[in-house]
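So the structure is just underneath, and the comments pick up after that.
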Amino acid sequence: MSCLSASSPFKPAARGAVGPSCVGLPAGPWPTMLAFFAQRFPAIPQDVWQQRMAQGLVIDELGVAVTPQRPYQGHIRVYYYRAVATEPRIPFDEEVLFQDEHLVVVDKPHFLPVVPSGNYLQETLLLRLKQKLGLAALTPIHRIDRDTAGLVLFSVRPDSRARYHALFSQRQVKKNYEAIAPWRDDLALPLTRESRIVEAHHFMLQHEVSGPVNAITRVAVLEVQGALARYALTPVTGKRHQLRVHMAALGLPIVGDGLYPTLTPEGQIDYRNPLQLLAKSISFVDPVSGEQRYFESRRRLNGV
């Protein structure tokens with residue numbers, strides 16, 4: 001059951017700029033609501049769910065609090081508020097480059113996630129902006145990796161949101177990235193990398209496999225300095241980790257990449273060594289105003 005399939009009678013409010021997550025409950029054998037949540041989210045201890053329920057942080061689609069002992073009920077939606085016990089501040093700041101009544105354009109630093117996930121809640125770009133700008137309905141139109149710096153677009157108003165989303169789904173947005181990676185003088189550049197990218201054996205990773213192409217990236221060199229070069233990357237498609245996977249497959253792993261070609265153990269974050277990948281510019285025709293839009297990051301990569 002999808003939380004997006006229909007409108008719920010009840011719309012829980014944000015708490016401290018944090019909106020609730022939603023889960024659709026399927027038919028199933030669980031005796032209680034607590035038993036379902038404990039199995040559905042094994043990374044969260046059962047006593048944490050008990051505490052959330054006791055604090056009224058788990059609510060059904062009618063606005064009724066879900067208690068640990070409540071008998072399981074399928075085919076309804078349940079909302080819950082996430083909490084992170086300890087969340088140190090990420091020591092880098094975002095910059096708002098543009099804002100009007102429909103659109104916010106932000107220059108994101110490395111290491112800052114766009115939306116809450118895992119151990120990140122308040123220290124995400126979305127939550128920081130909601131608090132800074134006072135825009136409760138703010139929603140990202142697209143996303144970039146936590147490790148990647150650069151431009152992210154946000155929708156301000158629900159009534160125009162679908163028009164901005166359509167720009168991306170219909171590939172009417174031109175995005176340009178820059179990356180620092182090893183220099184290979186045996187590669188004929190510019191080139192276009194076309195492959196099929198799917199999830200790998202580890203949930204954090206993607207990899208190339210044989211089959212119909214679903215990922216296309218144009219690669220050009222901007223400048224060379226010794227063993228490194230600064231590359232211009234233009235994604236034609238938008239697969240997860242596409243640029244990182246394609247560059248690694250070309251023998252050009254991006255400097256500072258903790259995933260490709262070697263997965264760094266979780267929790268080993270080195271603020272001195274950010275991924276040298278930048279969402280540099282973005283351009284499109286604004287679907288509301290009809291104006292040609294062009295935005296460029298003010299950040300610059302290290303090394304070249």
Side-chain angles (χ1 to χ4, degrees), residues 108 110-115 117-118 125 140-153 162 164-184 186-222 228-264 266 274-285 294-297 299 301 304:
K108 184 185 87 69
H110 291 104
F111 302 106
L112 185 67
V114 173
V115 297
S117 66
L125 185 59
I141 300 170
H142 68 117
R143 302 180 191 180
I144 61 177
D145 294 342
R146 174 173 64 91
D147 299 331
T148 304
L151 302 179
V152 184
L153 275 57
Y164 286 100
H165 279 299
L167 292 175
F168 288 85
S169 63
Q170 298 171 9
R171 298 184 184 177
Q172 296 177 3
V173 177
K174 183 176 181 180
K175 295 180 288 182
N176 291 299
Y177 288 72
E178 290 186 3
I180 306 297
W183 168 239
R184 284 185 54 185
D186 59 325
L187 283 180
L189 295 171
L191 61 79
T192 299
R193 181 75 176 186
E194 299 185 1
S195 68
R196 182 169 187 80
I197 294 178
V198 298
E199 290 186 0
H201 61 283
H202 192 285
F203 75 96
M204 291 183 64
L205 301 176
Q206 304 281 94
H207 66 163
E208 292 185 323
V209 298
S210 60
V213 169
N214 66 357
I216 303 171
T217 303
R218 299 190 181 103
V219 183
V221 64
L222 295 172
L228 297 176
R230 185 162 58 96
Y231 294 89
L233 309 179
T234 304
V236 178
T237 55
K239 299 298 291 184
R240 178 171 170 257
H241 292 177
Q242 175 178 316
L243 302 181
R244 301 165 75 167
V245 171
H246 276 170
M247 290 294 281
L250 289 168
L252 304 172
I254 299 173
V255 171
D257 197 335
L259 298 181
Y260 306 96
T262 303
L263 178 62
T264 301
E266 187 176 0
L275 175 71
Q276 294 301 291
L277 180 60
L278 175 66
K280 182 65 176 179
S281 67
I282 191 166
S283 60
F284 56 92
V285 176
Y294 175 83
F295 302 102
E296 184 170 314
S297 171
R299 303 179 188 275
L301 298 173
V304 176

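We're numbering straight along the sequence, starting at 1.
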Between [atom1] on residue [X] and [atom2] on residue [Y], distance to nearest 0.5 Å:
{"X": "T148", "Y": "F111", "atom1": "OG1", "atom2": "CZ", "value": "10.5 Å"}
{"X": "K175", "Y": "I282", "atom1": "NZ", "atom2": "CD1", "value": "6.5 Å"}
{"X": "I180", "Y": "L228", "atom1": "CD1", "atom2": "CG", "value": "7.0 Å"}
{"X": "L277", "Y": "L233", "atom1": "CG", "atom2": "CG", "value": "6.5 Å"}
{"X": "K108", "Y": "I144", "atom1": "NZ", "atom2": "CD1", "value": "4.5 Å"}
{"X": "D145", "Y": "R240", "atom1": "CG", "atom2": "CZ", "value": "7.5 Å"}

Non-neighbouring partners of [X] that pass ring-ring contact (aromatic ring centres under 6.0 Å, His included), sequence neighbours left out:
{"X": "H142", "result": "F168"}
{"X": "F295", "result": "F98"}
{"X": "H241", "result": "Y260"}

Whether [X] side chain and [Y] backbone form a donor-acceptor pair below 3.5 Å:
{"X": "S297", "Y": "G150", "answer": "no"}
{"X": "R218", "Y": "T192", "answer": "no"}
{"X": "E296", "Y": "K280", "answer": "no"}

Original post:
Which heavy atom in K239 sits nearest to a heavy atom in A215, and how many Å separate them?
Top reply: CG-CB, 3.9 Å
Original post:
S195 and H246: which non-hydrogen atoms are nearest, and at how many Å?
Top reply: OG-NE2, 2.8 Å
Please set out all donor-acceptor pairs under 3.5 angstrom arising from side-chain atoms of residues 248-255, sequence neighbours excluded.
none

**OP:** Show the numbers, then the answer: is there a side chain to side chain contact (heavy atoms under 4.5 Å, CB included) between M247 and T217?
**Re:** CA-CA 9 Å; M247 290 294 281; T217 303; over 6 Å; no
Subject >> Sequence-distant partners of A166, side-chain contact (heavy atoms from CB on, under 4.5 Å), two or more places apart >> reply: S169, Q170
**OP:** Return the set of residues passing side-chain contact (heavy atoms from CB on, under 4.5 Å) with R146 (not counting sequence neighbours), or none when no residue passes.
**Re:** P113, Y120, I269
Original post:
N176: what forms a side-chain hydrogen bond (donor to acceptor under 3.5 Å, both in side chains) with it, not counting sequence neighbours?
Top reply: T234, S281
Original post:
Can you list the residues that meet the side-chain hydrogen bond (donor to acceptor under 3.5 Å, both in side chains) rule with Y231, with sequence neighbours excluded?
Top reply: none
Can you name the residues that form a salt bridge (charged side-chain N to carboxylate O under 4.0 Å, His left out) with [X], not counting sequence neighbours?
{"X": "E208", "value": "R193"}
{"X": "R143", "value": "none"}
{"X": "R184", "value": "D186"}

Original post:
Got R196 and P212 here, is their nearest side-chain heavy-atom distance under 4.5 Å?
Top reply: yes
Donor-acceptor list for residues 197-205 side chains, cut-off 3.5 Å, not counting sequence neighbours:
from: H202; atom 1: ND1; to: M204; atom 2: N; distance (Å): 3.0

Original post:
Under the side chain to side chain contact (heavy atoms under 4.5 Å, CB included) criterion, do Y164 and L153 qualify, and how do the steps go?
Top reply: CA-CA 9 Å; Y164 286 100; L153 275 57; 5.8 Å; no
**OP:** Could you please spell out the steps behind the side chain to side chain contact (heavy atoms under 4.5 Å, CB included) verdict for R171 and T237?
**Re:** CA-CA 8 Å; R171 298 184 184 177; T237 55; 3.3 Å; yes
**OP:** Check Q276, H110, R244 against D147 for a side chain to side chain donor-acceptor pair (under 3.5 Å) and give me the one that passes.
**Re:** R244
Subject >> Neighbour count >12 (heavy atoms, 6.0 Å) for atom CZ, R299 >> reply: yes
